[in-house]
Amino acid sequence: MRTSLTELLGTEYPIIQGGMAWVAEHSLAAAVSNAGGLGIIAAANAPYEYVRDEIRKTRELTDRPFGVNIMLLSPYADEIARLAAEERVPVVTTGAGNPGTYMKQWKEAGIKVIPVVASVALAKMMQRGGADAVIAEGCESGGHIGEATTMVLVPQVADAVDIPVIAAGGIGDGRGLAAAMMLGASGVQMGTRFLVSKECVIHPNYKERVLKAKDIDTVVTGRSTGHPIRCLRNRMTREYLSYEKEGRSFEELERLTLGGLRKAVKDGDADYGSLMSGQIAGLVKKEQTCQEMILEIMEEAEKLLSRTE
Ligand code: TUI
């Protein structure tokens, strides 16, 4: 399937992997790129040396294009932005903010820049600032989310900009990819499906929770603090939500989530870890290699999109 996104990225398929904090490291990114998608390394809150080593390890495993996701709330965002330019990574995606101040630096380094947007206004601003594409991410996604759903955000962003639009949030199979194309997208970003891939090195307890999740097993914490985060329901989210209802202090809320991703990804703490996941977890039922996932998704989408009746 050739789209304006495969043309832009030089990938075989219009599928990019979400820049999942603590999860998206070199083995996952290289596996997705080697399978014909665009693998992404998540810089998250990690320092310069860690991300530089991840970029170099990815380059040892693949000669295909890949990207780095820069989480703009990171205390290291400035130096990671500079690192991306120094290393001339093929693609940068950004999340949780406006990357406007870094745009010139990245474009001068020949990087393709693809910000995540959660609104039409930011999508237009990103196009004016020189973005090569935008990821329109709906609130079905895992992790830090905006307000609009994928179903309403993608067609409105597609109408508002001329650059390729990548749909994200709630997409986990070929039906989701086909539907995204119908909404005006040129490709999709998927996180939750790749969480359970064989090449994804998260703790088995985290994978098992995603594989066993049902349709309504995610909740959103932090709406009251302005940092809404979607996770699988567990003891931490139950306590967090009741603290929010009781109007407990920001410090008490923060204490509950401190180190939550590390607890989930490294320690396999399914009770108190932040098991970030999208709502599509209920559809994700089997562990496969990234190549098996991508081929299955493409086959299903192509069949649906060529249907004439
Ligand atoms: O960034 C994400 N998802 C994430 S980042 C993350 S790591 C983290 N850990 C603890 C606390 C906070 C983050 C986990 N999940 N997705 C991309 C995304 N970006 N979703 C929504 C947005 C967004 C929202 C508002 C982007 C821009 C924006 O507006 C910025 C502005 O200034 O207009």
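Reckoned from all heavy atoms, side chains included, excluding hydrogens, waters and symmetry mates. Keep in mind that what you see is a predicted model, and the values were worked out from it rather than measured. Counting convention: from 1, in listed order, for ligands and their atoms alike.
Of all atoms in ligand 1, numbered sequentially from 1 with element shown, those under 4.0 Å from a heavy atom of Gly143 are 14 (C), 15 (N). Residue Met276 approaches ligand 1 through these ligand atoms, each under 4.0 Å from one of its heavy atoms: 14 (C).
Scanning the protein for heavy atoms near atom 31 (C) of ligand 1, the closest one is Asn98 CB, 4.2 Å. Counting only heavy atoms of the protein, atom 25 (C) of ligand 1 lies nearest to Ala118 CB, 4.6 Å. Nearest protein heavy-atom neighbour of atom 28 (C) of ligand 1: Leu122 CD2, 4.0 Å. Of the protein's heavy atoms, Val116 CG1, 3.4 Å lies nearest to atom 18 (C) of ligand 1. In terms of protein heavy-atom proximity, atom 16 (N) of ligand 1 is nearest to Glu137 OE2, 3.1 Å. Nearest non-hydrogen protein atom to atom 1 (O) of ligand 1 is Ala96 N, 3.6 Å. With respect to atom 10 (C) of ligand 1, the closest heavy atom belonging to the protein is Ile229 CD1, 4.3 Å. In terms of protein heavy-atom proximity, atom 15 (N) of ligand 1 is nearest to His144 N, 2.9 Å.
Of the possible polar contacts, none joining the Glu300 side chain to the Ile297 backbone as a donor-acceptor pair under 3.5 Å is found. Judged by distance alone, with hydrogens and angles left aside, the side-chain atoms of Asn234 form a donor-acceptor pair with the main-chain N or O of Thr237 at under 3.5 Å.
Residues Glu296 and Arg193 are paired through a salt bridge, judged by an N-O separation under 4.0 Å between the basic side chain and the carboxylate. Ion pair Glu7/Arg2 flagged as a salt bridge, since at least one NZ, NE, NH1 or NH2 atom sits closer than 4.0 Å to an Asp/Glu carboxylate oxygen. For the pair Glu208 and Lys212, the salt-bridge criterion is met [side-chain N within less than 4.0 Å of a carboxylate O].
Taking any N or O of Thr94, backbone or side chain, none lies under 3.5 Å from an N or O belonging to ligand 1. For a threshold of 3.5 Å applied to N or O pairs, the pair formed by Leu73 and ligand 1 contains no separation below that value.
Using a 4.5 Å cut-off between side-chain heavy atoms of Ile, Leu, Val, Met, Phe, Trp and Tyr, Val116 falls into a hydrophobic cluster with Leu5, Leu8, Leu9, Ile16, Leu38, Ile40, Val91, Ile114, Ile135, Ile166.
Qualifying ring-ring contact (aromatic ring centres under 6.0 Å, His included) partners for Tyr102, counting only residues two or more places apart in sequence or in other chains: Trp106.
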